[in-house]
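Input: a single structure, listed below in structure tokens.
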Amino acid sequence: RRVEAEIIDAYAQKLRAEMVSARLKEAVKPDTVLIERGERHQLIPFTSLVERPRGDEPMGFRGEETITAAIVALTEEKPASLYFITGHGEQAPEALKEFRSELQRGHYRLAMLNLLQQGAIPDDAAVLIIAAPTAAFQPAEIDLLRQYLGKGGRLLVMAQPKFRGGSVAGLDDVLSEYGVDIHDQQLTIEVGRDTATGAMTGSPRFIITIYGAHPITEGLTTLNCLME
């Protein structure tokens, strides 16, 4: 299919830029990539095309993946729906800023779902997300999750340690059915300072190179997992 590209200088071609905003019924700011397909469009600000550097690292470019995700979103008939489970003290999407931003870049539809109130899992649920629950799940909720997973549904669980108030009570059994066991263990790294020089002694980093045998970790066997 034919792809047309146009560069508009929002300052030198102010009238042209205003005409685009009027046609879309949405303000198009300078340094923005506009992708259109039929009557649908996506606006990508410059800040979504770059990755902020950390320390002395150079600024990263993520334009290819961001623009590709926008094109995929426009060519799909309906975006995939991701549901955040609520009712157990979970973290809201707003509290998971980086995770939420990544999902938004992928143009997923985000929604909240209280299993006890709803009494069912929507048919369009591509993934259920349980983000750091602090209270136990009820048997009726576990039954819904078990039925959903039994039909090929996808579930993402983010568990907090118990000493931080985390709880996976009720979820343990259904997770273990899929070979997932959550252990309440702690990793302690001793870091101090030299009293004479004030220099840091010990490293706050921990590198994981060995993973358990599971389909989830198959793609990680050649990668380092750096924890700080």
Side-chain angles (χ1 to χ4, degrees), residues 1-53 58-86 91-113 118 120-131 144-145 147-158 178 215-220 223:
R1 295 182 180 181
R2 187 175 63 178
V3 176
E4 297 180 359
E6 180 183 2
I7 299 177
I8 300 175
D9 188 322
Y11 302 102
Q13 299 172 277
K14 187 176 180 180
L15 180 58
R16 175 75 176 114
E18 291 177 348
M19 291 174 61
V20 172
S21 295
R23 176 170 57 81
L24 298 177
K25 298 180 180 179
E26 182 177 0
V28 181
K29 298 180 180 179
D31 299 324
T32 297
V33 175
L34 166 63
I35 301 177
E36 292 185 274
R37 181 178 184 269
E39 297 181 355
R40 302 172 63 189
H41 71 273
Q42 293 281 351
L43 293 176
I44 306 175
F46 172 77
T47 52
S48 296
L49 301 176
V50 295
E51 189 171 8
R52 294 181 180 179
M59 180 176 292
F61 177 72
R62 59 188 315 158
E64 181 177 353
E65 62 188 81
T66 303
I67 292 175
T68 300
I71 293 174
V72 171
L74 291 176
T75 54
E76 289 181 342
E77 292 300 323
K78 187 177 181 181
S81 297
L82 277 58
Y83 288 85
F84 283 79
I85 301 299
T86 64
Q91 292 283 332
E94 293 76 15
L96 306 169
K97 294 182 179 179
E98 291 189 17
F99 181 60
R100 183 190 182 192
S101 296
E102 289 296 329
L103 294 179
Q104 290 175 331
R105 288 192 188 98
H107 301 285
Y108 293 101
R109 188 181 76 86
L110 308 183
M112 313 298 284
L113 175 63
Q118 190 76 13
I121 295 174
D123 293 335
D124 67 344
V127 180
L128 299 181
I129 301 173
I130 302 176
L144 289 173
L145 292 175
Q147 293 171 17
Y148 172 75
L149 293 172
K151 296 177 181 179
R154 299 177 178 89
L155 174 66
L156 172 62
V157 178
M158 306 177 193
Y178 291 87
I216 292 177
T217 59
E218 285 180 355
L220 302 178
L223 299 175

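In this structure, M19 places its CE atom where only 12 or fewer heavy-atom neighbours from other residues, nucleotides or ligands lie under 6.0 Å away. Other residues, nucleotides and ligands place no more than 12 heavy atoms under 6.0 Å from the CZ atom of F46. By the neighbour-count criterion of 12 heavy atoms within 6.0 Å, atom CD of E98 is sparsely surrounded, having that number or fewer from other residues, nucleotides or ligands.
Pairs engaging residues 18-35 under the side chain to side chain donor-acceptor pair (under 3.5 Å) rule: R23-E36, E26-H41 [sequence neighbours left out].
With sequence neighbours excluded, no residue forms a side chain to side chain donor-acceptor pair (under 3.5 Å) with T217. Under the side chain to side chain contact (heavy atoms under 4.5 Å, CB included) criterion, A22 pairs with no residue, sequence neighbours left out. A search for salt bridge (Lys or Arg N to Asp or Glu O under 4.0 Å) contacts involving E65 returns R62, not counting sequence neighbours. Under the side chain to side chain donor-acceptor pair (under 3.5 Å) criterion, Y108 pairs with no residue, sequence neighbours left out. Annotation: salt bridge (Lys or Arg N to Asp or Glu O under 4.0 Å) contacts of E4 (sequence neighbours excluded): R2. Applying the salt bridge (Lys or Arg N to Asp or Glu O under 4.0 Å) test to R100 and every residue at least two apart in sequence or in another chain returns nothing. Evaluation of the side chain to side chain contact (heavy atoms under 4.5 Å, CB included) rule for T47 yields P45 as partners, not counting sequence neighbours. Applying the side chain to side chain contact (heavy atoms under 4.5 Å, CB included) criterion to Y148, with sequence neighbours excluded, gives I121, A125, L128. Contacts of Q42 classified as side chain to side chain donor-acceptor pair (under 3.5 Å), with partners at least two apart in sequence or in another chain: H107. Residues satisfying the side chain to side chain contact (heavy atoms under 4.5 Å, CB included) test with D123, not counting sequence neighbours, are none.
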(Q) As a quick check of understanding, evaluate side chain to side chain contact (heavy atoms under 4.5 Å, CB included) for R109 and L82, giving each step before the final call. (A) CA-CA 6 Å; R109 188 181 76 86; L82 277 58; over 6 Å; no
Q. What's the verdict on side chain to side chain contact (heavy atoms under 4.5 Å, CB included) for L155 and L149, showing C-alpha distance, side-chain angles and the deciding distance?
A. CA-CA 7 Å; L155 174 66; L149 293 172; 3.7 Å; yes
Q. Should F99 and I129 be marked as a side chain to side chain contact (heavy atoms under 4.5 Å, CB included) after you check the CA-CA gap, both sets of side-chain angles, and the distance that decides it?
A. CA-CA 11 Å; F99 181 60; I129 301 173; 4.1 Å; yes
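Within the model, atoms CD1 of I85 and CD1 of I130 stand 5.5 Å from one another, a figure rounded to the nearest 0.5 Å. Atom CZ of F84 is separated from atom OG1 of T86 by 11.5 Å, given to the nearest 0.5 angstrom.
For the pair A27 and L43, the tightest heavy-atom approach, listed with the atom from each and the gap, is O-CD1, 3.9 Å. For V20 against V28, the heavy-atom pair with the smallest separation is CG1-CG2, 4.3 Å. The shortest heavy-atom contact between A70 and I44 is CB-CD1, 3.8 Å. Taking all atoms of both residues into account, the shortest heavy-atom contact from L113 to P122 is CD2-CD, 3.8 Å.
In terms of modelled atom types and a separation under 3.5 Å, the side chain of T66 and the main chain of S48 share a donor-acceptor contact.
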Could you list the donor-acceptor pairs under 3.5 angstrom formed between side-chain atoms of residues 9-16 and any protein atom two or more places apart in sequence or on another chain?
from	atom 1	to	atom 2	distance (Å)
D9	OD1	Y11	N	2.9
D9	OD1	A12	N	3.0
Q13	OE1	D9	N	2.9
R16	NE	E6	OE2	3.2
R16	NH2	E6	OE1	3.0
R16	NH2	E6	OE2	3.3

